[in-house]
Number of protein chains: 2
Amino acid sequence: MVVGGDAAGMSAASQARRMKGPDELEIIAFERGHFASYSACGIPYWVGGDVSDRDELIARTPEEHRERGIDLRMRTEVTALDVAGGRVRARDLESGAEEWTSYDKLVIATGARPIRPPLPGIDAPGVHGVQTLDDGQALLDTLARTSGRRAVVVGAGYIGVEMAEALINRGYEVTVVNRGKEPMSTLDPDMGRLVHEAMEGLGITMVNDAEVTKVLTGEDGRVRAVATEDAEYPADVVVLGIGVRPETTLAQAAGLPLGDHEGLLTDQAMRVRGYENIWAGGDCVEVLDLVSGRERHIALGTHANKHGQVIGANAGGGYATFPGVVGTAVSKVCDLEIARTGLREKDARRAGLQFEKVTIESTSRAGYYPGAAPMTVKMLAERRTGRLLGVQIVGREGAGKRVDIAAVALTAGMTVDQLTALDLGYAPPFSPVWDPVQVAARKAVGAVFGKR
Amino acid sequence: MVVGGDAAGMSAASQARRMKGPDELEIIAFERGHFASYSACGIPYWVGGDVSDRDELIARTPEEHRERGIDLRMRTEVTALDVAGGRVRARDLESGAEEWTSYDKLVIATGARPIRPPLPGIDAPGVHGVQTLDDGQALLDTLARTSGRRAVVVGAGYIGVEMAEALINRGYEVTVVNRGKEPMSTLDPDMGRLVHEAMEGLGITMVNDAEVTKVLTGEDGRVRAVATEDAEYPADVVVLGIGVRPETTLAQAAGLPLGDHEGLLTDQAMRVRGYENIWAGGDCVEVLDLVSGRERHIALGTHANKHGQVIGANAGGGYATFPGVVGTAVSKVCDLEIARTGLREKDARRAGLQFEKVTIESTSRAGYYPGAAPMTVKMLAERRTGRLLGVQIVGREGAGKRVDIAAVALTAGMTVDQLTALDLGYAPPFSPVWDPVQVAARKAVGAVFGKR
C-alpha cells in the first residue's frame with residue numbers, strides 16, 4: 001500500500017510491480033490530488049511557457065498505472081495510519097466516504113507542503129504556491145484572468161528564482177522579496193551576490209534582507225501589494241517560493257520517528273527506523289548528508305525517484321539501498337546557471353570542520369573557442385587533509401552540470417589533490433585545458449598545502 | 001633544461017619557475033618550431049574558421065616566457081642527449097650552429113610525430129598533417145591558394161573528424177577515408193556507427209574499411225586524388241589524420257627506457273624510470289591506464305599540461321604526482337558530441353576482464369523541456385563485481401561532458417550500483433530526473449546482477 005501518488009510513491013509501486021506480478025503482490029496507491037506521477041520540478045517551466053501543455057509533465061497517467069496492475073485511487077486522501085493494526089483510513093474526496101484498508105507492507109510518500117507563513121492576507125485570491133500541478137493550474141488561471149503585469153515572488157531559493165524567470169518570460173514586471181542577505185541561500189552569500197547581480201541584469205527587482213509582514217488586498221479582496229517592514233511592493237499576482245517542509249502529519253500522529261527537520265527517519269533501505277514493513281521516501285523523509293554526516297531535508301524529484309526505486313525493490317523482495325546525498329543542486333535564471341554540491345561555509349563550520357576556501361574565474365570552453373562563457377567556481381577543502389568539502393558554480397551555458405564532477409568526487413571522498421589529477425573530457429569546444437573545477441582544485445591545493 | 005617548448009615543456013618550466021626564482025634555478029628551454037606554448041588541439045578550429053587568428057591559440061609568447069626568467073630558445077633543435085655527460089647538443093636552425101649545453105636536471109617534452117605512411121605521393125604539395133601550428137599555417141596557405149573544393153581526410157579518429165568538420169565549415173566537399181570498420185575507433189564499432197550516420201547526415205562522404213594505397217599527383221606535381229585498392233577519390237587538398245607516435249628518437253638513442261608504444265616510461269612523479277634527474281611528459285610518454293592496469297600512449301593537451309605541472313613541481317624541489325589516466329576523450333563533429341572513458345569491449349577483453357554491456361537512449365534535458373536532445377550511452381561493467389569499466393556517449397548538445405561523471409567514478413573504482421545512487425545535478429533544463437549515465441547504470445546493474 002502506497003500513500004502518495006507522485007514521484008517516490010509511484011516509482012516504488014512501479015519498481016515493486018517489476019519485481020512481482022499481480023498474482024504475487026497486490027499494489028494499492030492513494031493520491032489525494034488530481035494528478036499522479038508528474039514532474040513538480042517542471043511546473044515553473046510550464047508556468048513560464050517553455051512547456052506548453054500540462055500533460056507533458058505527466059510521466060505516467062493513472063490509467064497507465066492501472067494497466068500495469070497498480071490500483072491507483074485518485075482524489076483519495078489518507079486521513080489516518082493505524083500502524084499497530086496494519087491499516088490506513090482513506091477518504092474519497094468526491095463522495096466524502098471513508099474506509100479502512102489493511103496492508104502488509106506500507107510505503108509513505110506524502111511529499112512536502114509549502115511553507116505558508118500565517119500573515120494577514122496570505123490566503124487572498126492572487127496569492128499562489130507552486131507545489132503541485134493543481135497549484136500550477138490555479139496560478140495559470142490567475143495569470144490568464146489578471147490584466148495587471150506586476151508580480152511579486154516571495155523567496156529567492158530555487159523555486160523563487162525559477163518562478164521569477166517564468167514570470168519574466170510571461171512579460172511581468174517581477175520583484176523578488178527575499179529574507180536573506182542574497183538570493184539562493186543554498187549558496188554562500190559571495191556566490192549568491194553573483195546571482196543577485198545577474199537577476200538585476202535581467203530586469204528583476206531584487207529586494208534582500210526583507211521580511212514580508214503582510215499581504216495587502218484591494219476592495220475586491222484580491223491581492224494588491226506585498227508589504228515588508230519598510231516598503232510596499234504592488235502586486236497583481238504573488239507567488240510563494242519560501243520553501244517546503246516534510247508532510248509528515250499522518251506519520252507523526254502514528255508515532256513514527258521524525259528527525260530535526262520533521263522528516264521521517266529511515267535506514268539505508270529506506271525502511272522507517274524500527275518498522276520492518278514500512279518504508280518512506282521522497283520529500284517526506286530526511287536523508288543522510290554524506291559530507292557532513294548529518295540528516296538533512298531536501299525536496300528534489302531526483303531523490304524521490306531514487307527512493308521510490310529502492311523502496312520498490314526492497315518491498316518487492318529484492319535488495320537496494322540509498323546511501324545518502326552530497327547536496328547537489330542545479331538551477332538557472334534565464335541563461336545564468338547556478339549549481340552547488342557539498343557544504344557551504346556555514347555547513348562546514350556547523351559540522352566542526354576547518355577548511356580553506358578559494359574562488360576562481362574560468363570559462364566553459366577554451367578561451368579562444370567561440371561561445372566560451374565565464375564562470376565562477378568556489379571550492380571548500382578541509383584543512384590539513386585537503387578533502388573536498390563543497391563546490392559552488394555560477395556561470396553561463398556549460399557551467400551548471402560541471403558540478404557533477406565535484407558531486408562524484410565528494411561521494412568518493414577525494415582530496416583536492418586527487419581532483420587536479422582527474423582525467424576529464426577535454427577538447428576546445430568543451431573545456432579549457434584545465435577544467436574550471438580543476439583550476440579551483442589547483443588553487444585549493446595551494447591554500448591547504450602551500451607551495452607544492 | 002627543457003627539450004620541447006609546447007604544453008608539457010613550458011608548463012614544466014613555468015611551474016618550476018613558480019617554485020624557484022631565477023637566483024635559485026636557471027631554466028633553458030629548446031624549441032625547434034616557430035611557436036611555443038600553443039594549443040595544438042585548437043588547430044582544427046583555426047583551420048575551420050571558428051578561431052580567426054593563429055595568435056589566439058598561443059597561451060604565452062616566447063617573450064612572455066623570457067620575462068618570467070625562462071631562457072626559451074626558439075628554432076633550436078636538440079640533436080643529441082648525452083645522459084652520461086649531463087649535456088644536450090642543440091642546433092640553431094637559422095645559423096646551423098651546434099653546441100653542447102650542460103644540465104643538472106633534464107625535462108624531455110619532445111611531443112609526438114604524425115604517422116605518415118611511406119606511400120607514393122605522400123609528400124606531394126597539397127598533402128598536409130596538422131600536428132603543429134606550422135602545419136596548420138601551411139594547410140591554410142594551401143586552402144587559400146587552391147581553387148578546387150574537394151578535400152579528402154585520411155583517418156577518422158579525433159583529428160580526422162575534427163578536420164572533416166573544419167573543411168565542411170570552409171565549404172569543401174569532404175570525403176573521409178578510414179581504415180576501420182567505422183569512424184572513431186576509440187569507440188566500439190556500434191557507437192562509431194552513430195558517428196558514421198551523423199557525418200553522412202552532415203554531407204560528409206564516409207569511406208570505411210579502406211586503406212589508402214597511394215596519393216596521385218597531377219602534371220603540376222600537386223595532389224589530385226587519393227587511391228585505395230578499390231577506388232580513387234579526387235582531392236584538391238588532403239589532410240592526414242592517421243594518428244601520432246611518441247617522438248622519442250633522441251631518447252631511444254640515449255638509451256632511455258621506452259614502452260611498447262615507443263613512449264618514454266616514467267614513475268608517478270614523471271621521472272624517467274631509472275634516472276634521478278630526468279623527467280618526461282606530454283605526448284612523448286606512456287601513461288598508466290588506471291582501469292586496465294596497462295601503459296598507453298595518449299596524445300592530449302590536458303595530460304601534457306598536467307605532466308608539465310607535476311614535473312615542474314618536482315624539478316623545482318616540491319612534490320606532485322600524476323597517477324594515471326582513465327582514457328577520457330571528448331570531441332565533436334558539428335553539433336554531434338562524442339565522448340568516451342575507460343575501456344572499450346576489446347580493451348576489456350585484452351585486459352582479461354569479463355563484462356556485461358548495455359546501451360540506452362535518453363535525453364540531455366527532461367523530455368518535456370525545450371532543446372532536450374537525444375543521446376546514446378553505452379556502458380561496460382565487470383561481471384560479478386559490477387565495477388564500472390567504461391562509458392561511451394554519442395549525442396547532441398549536453399552529451400559530451402557527461403562523460404566526466406563516469407571518468408570520476410572510474411577513477412574512484414565505483415560499481416554501477418554506486419553510480420545509480422550518485423547525487424547528480426538535476427533540474428529539467430539540465431537533465432532528466434535520472435541522468436542518462438544513471439539510466440545506463442541501472443540497466444548495467446540489471447545485466448550484472450539480474451533483478452534487484
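Proteins come first, then strands; the chains are lettered A, B, ... in the order of their sequence lines, and each starts at number 1.
- When each of Val403(B), Asp53(B), Leu300(B), Leu57(B) is checked for heavy-atom pairs under 4.5 Å with chain A, Leu57(B) comes out on top.
- Between chain A and the residues Ile405(B), Leu419(B), Asn314(B), Asp417(B), the largest count of heavy-atom pairs under 4.5 Å involves Ile405(B).
- No other option in Phe322(A), Tyr158(A), Trp46(A), Trp434(A) has as many heavy-atom pairs under 4.5 Å with chain B as Trp434(A).
- We find the CG-CD1 distance between Leu133(A) and Ile58(A) to be 5.5 Å, quoted to the nearest 0.5 Å.
- Residues Ile43(B) and Arg54(B) form no side-chain contact, since every pair of their non-hydrogen atoms from C-beta on lies 4.5 Å or further apart.
- Using a 3.5 Å distance cut-off with no hydrogens or angles, the side chains of Glu397(A) and Ser364(A) do not pair a donor with an acceptor.
- With a 4.5 Å cut-off on side-chain heavy atoms, Arg60(B) and Ser14(B) count as touching.
- Closest approach of Gly327(B) and Arg296(B) over heavy atoms only: CA-NH1, 3.6 Å.
- The main-chain N or O of Ala8(B) is never found under 3.5 Å from a side-chain atom of His307(B) such that the two would form a donor-acceptor pair.
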*side chain to side chain contact (heavy atoms under 4.5 Å, CB included) between Tyr426(B) and His303(A): does it pass, once the steps are laid out?*
CA-CA 9 Å; Tyr426(B) 163 65; His303(A) 298 328; over 6 Å; no

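- The part of Ser431(B) that comes within reach of chain A is its side chain, from C-beta onward, which places non-hydrogen atoms under 4.5 angstrom from that chain.
- Of all the listed residues (Ala7(B), Ser39(B), Gly400(B), Pro323(B)), the one sharing the greatest number of non-hydrogen pairs under 4.5 Å with chain A is Ser39(B).
- Residue with the most contacts toward chain A among Leu290(B), Thr411(B), Val51(B), Asn305(B): Asn305(B) (heavy-atom pairs, distance under 4.5 Å).
- Your options are Arg442(A), Arg402(A), Glu162(A), and the one with the most heavy-atom pairs under 4.5 Å with chain B is Arg442(A).
- For the pair Val333(B)/Ile338(B), a side-chain contact is recorded, criterion being any heavy-atom separation below 4.5 Å from C-beta on.
- Of the two parts of Tyr45(B), only the side chain, counted from C-beta on, holds a non-hydrogen atom closer than 4.5 Å to a non-hydrogen atom of chain A.
- There is no contact between Ala366(A) and chain B, counting heavy-atom distances below 4.5 Å.
- Of the listed residues Gly317(A), Ala407(A), Pro370(A), Gly312(A), the one with more heavy-atom pairs under 4.5 angstrom with chain B than any other is Pro370(A).
- Interface residue Asp435(B): only side-chain heavy atoms are found under 4.5 Å from chain A.
- Interface residue Arg18(B): backbone and side-chain heavy atoms are both found under 4.5 Å from chain A.
- For the residue pair Gln15(A) and Ser11(A), no side-chain donor N or O sits within less than 3.5 Å of a side-chain acceptor on the partner.
- Contact check for Leu288(A) versus Val325(A): no side-chain heavy atoms found under the 4.5 Å cut-off.
- With a 4.5 Å cut-off on non-hydrogen atoms, Gln438(B) touches chain A through its side chain but not through its backbone.
- Of the listed residues (Gly425(B), Ala304(B), Gly42(B), Ala427(B)), the greatest number of heavy-atom pairs within a distance under 4.5 Å of chain A belongs to Gly425(B).
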_If you apply the rule side chain to side chain contact (heavy atoms under 4.5 Å, CB included), what do you find for Val377(A) with Ser362(A), and how did you get there?_
CA-CA 8 Å; Val377(A) 181; Ser362(A) 184; 5.9 Å; no

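- The candidate from Gln309(A), Met414(A), Glu337(A), Glu56(A) with the greatest count of non-hydrogen atom pairs under 4.5 Å with chain B is Gln309(A).
- There is no contact between Gln418(A) and chain B, counting heavy-atom distances below 4.5 Å.
- Ala339(B) does not touch chain A: none of its heavy atoms, backbone or side chain, sits under 4.5 Å away.
- Contact annotation for Ala409(B): both backbone and side-chain heavy atoms come within less than 4.5 Å of a heavy atom of chain A.
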